[in-house]
There are 2 protein chains.
Amino acid sequence: MARRSDHNREELYALAMQAARDIAVHDGLKGLTARNIAKRIGYSAGTLYNLFKNLDEIALHVNAGTLDQLHDRLGEVALSGKPKKDIRQLLDAYLDFIGGNDRLWSLLFDHKLPDGTPLPDWYRARIARVLSLLEAALAPLFPEPDHPECQLSARVLWSSLHGICQLANADKLEIVSDEDTRALAHALVENYLAGLKARLG
Amino acid sequence: MARRSDHNREELYALAMQAARDIAVHDGLKGLTARNIAKRIGYSAGTLYNLFKNLDEIALHVNAGTLDQLHDRLGEVALSGKPKKDIRQLLDAYLDFIGGNDRLWSLLFDHKLPDGTPLPDWYRARIARVLSLLEAALAPLFPEPDHPECQLSARVLWSSLHGICQLANADKLEIVSDEDTRALAHALVENYLAGLKARLG
DNA sequence: TCATTTATTGAACGCTGTTCAGTTTATATA
DNA sequence: TATATAAACTGAACAGCGTTCAATAAATGA
């Protein structure tokens with residue numbers, strides 16, 4: 001029942017986002033509640049609704065940050081122009097990233113907007129930015145630089161990898177070890193690329 | 001606050017399961033609440049807890065039913081012994097199934113047990129049963145009938161397909177049409193199989 | 001007929017997202 | 001400087017959630 005000047009709007013926004021990230025890292029989606037975030041920054045839950053439309057928006061921003069992190073990590077892989085080598089390196093960077101950020105990575109796919117709510121454009125751009133890294137690594141395989149099958153293959157690999165990691169993580173694949181997950185991911189990439197080469201060359 | 005003899009335990013169980021399925025079909029996971037299911041069968045929420053340990057168990061049983069349905073549908077595909085042909089047919093059956101049962105299919109992957117809770121064995125068996133259909137179709141590609149890479153490839157295809165359909169469904173792939181989803185799925189299968197053939201033969 | 005077991009319920013607990021009247025403070029204006 | 005306006009913030013409230021449980025009533029066994 002007061003107005004405080006501890007933090008201005010931007011500071012508060014940053015505080016809330018950091019709190020949300022911290023919670024997501026430690027407790028995942030289930031801990032990401034308005035009252036939880038608010039308590040962590042010393043404000044009431046209602047205050048969050050001055051900064052964000054709703055909780056979904058907060059989750060979306062956390063996820064956008066994760067996509068950016070992933071983009072930066074994958075961006076560190078220096079492309080050699082040899083797709084097989086480059087994709088392998090991207091894959092390892094991807095697996096390392098999700099190994100070290102498993103709760104954030106889960107949130108990326110566990111959080112869903114209500115039915116019929118489209119993803120905002122600024123969020124879609126984050127996805128496209130990651131996909132473009134894959135496209136760049138795959139491009140040398142195709143005759144033209146922006147062959148439609150290049151975009152398609154980037155999406156196949158991205159979503160397939162997601163499926164493998166998600167089901168393996170949820171223990172829904174009748175597999176045993178973390179090594180098995182890596183083996184699945186590598187088999188996907190190796191065979192898919194070998195298939196591309198065989199069919200195109 | 002009474003005892004009723006409208007239904008015995010088994011009938012009640014069946015009623016609750018059917019109600020849960022109906023709700024899942026129409027409203028997905030978000031509509032699958034104890035009070036919702038109870039209202040639909042004319043009992044109170046507490047009664048459900050005589051039949052099931054908790055809501056998760058109900059969701060698990062709905063999902064087991066969906067896996068059985070999927071298994072039956074895929075089982076209708078007559079295997080020719082030609083992996084490419086057979087896998088293509090299985091893929092089409094799979095895509096048809098999830099096209100006609102999208103909410104049930106989503107529940108299969110949206111619902112998660114609390115952290116650290118293992119899937120019960122009877123549920124894992126349902127997954128294994130579906131995977132074995134894929135293994136049977138892939139088997140002719142490998143020298144021995146139960147080559148380890150055959151099991152592995154079945155898991156790669158199953159989880160990759162899941163990833164493609166899930167991300168496409170959530171509109172997280174920057175794709176446009178349902179046809180694009182089919183194209184991704186077919187690209188996965190075609191290239192993966194071509195790769196297997198190239199590497200093994 | 002009476003005791004025991006079983007089925008069922010409604011109320012309750014502690015959560016959830018979200019809204020909002022009410023209050024306090026900062027800022028702009030006169 | 002005094003006053004009006006705007007902005008920030010809170011606590012309580014609402015309707016919902018999963019789950020538990022004392023109380024009740026009916027069915028069953030003795």
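Letters A, B, ... are given to chains in the order of the sequence lines, protein chains preceding strands, and every chain is numbered from 1. Excluded from the calculations below are hydrogen atoms, water molecules and symmetry mates; all remaining heavy atoms, backbone and side chain alike, are included.
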request  = Quick one: which residue pairs count as a side chain to side chain donor-acceptor pair (under 3.5 Å) with a foot in residues 46-56 of chain B, not counting sequence neighbours?
outcome  = B/D56-B/H111

key: Flag if over 12 foreign heavy atoms under 6.0 Å of NZ, A/K197   = no

Residues touching DNA chain D, which here means a heavy atom under 4.0 Å, drawn from residues 8-18 of chain B = none

ask   = Who are the side chain to side chain donor-acceptor pair (under 3.5 Å) partners of A/N169, not counting sequence neighbours?
value = none

remark   = So the salt bridge (Lys or Arg N to Asp or Glu O under 4.0 Å) pairs with at least one residue in residues 9-20 of chain A (sequence neighbours excluded) are none

Residues touching DNA chain C, which here means a heavy atom under 4.0 Å, drawn from residues 20-35 of chain A = A/L32, A/T33, A/A34, A/R35

note = Contact check, residues 52-66 of chain B vs DNA chain D, heavy-atom distance under 4.0 Å, returns B/N54, B/L55

ask   = Considering residues at least two apart in sequence or located in another chain, which fulfil the side chain to side chain donor-acceptor pair (under 3.5 Å) criterion with A/E149?
value = A/R199

task = Scan residues 24-35 of chain B for pairs that pass side chain to side chain donor-acceptor pair (under 3.5 Å), counting only residues two or more places apart or in two chains.
result = none

note = Residues passing the side chain to side chain donor-acceptor pair (under 3.5 Å) test with B/S159, sequence neighbours excluded, are none

ask   = Excluding sequence neighbours, so at least two apart, what forms side chain to side chain donor-acceptor pair (under 3.5 Å) with A/S132?
value = none

query = Taking atom types as modelled and ignoring hydrogens, do the side chains of A/Y94 and A/H162 form a donor-acceptor contact shorter than 3.5 angstrom?
reply = no

ask   = With a 3.5 Å cut-off and no angle check, do the side chains of A/D92 and A/H186 form a donor-acceptor pair?
value = yes

ask   = Got a sec, which pairs hit salt bridge (Lys or Arg N to Asp or Glu O under 4.0 Å) with one end in residues 154-171 of chain B, sequence neighbours left out?
value = A/R124-B/D171, B/E135-B/R155

ask   = Taking five pairs at each end, how big is the angle between the two axes of the helix from C/dT1-D/dA30 to C/dA30-D/dT1, to 10°?
value = 20°

inquiry  = In whole Å, I'd like the distance from the CG atom of B/N36 to the C1' atom of D/dG16.
reply    = 11 Å

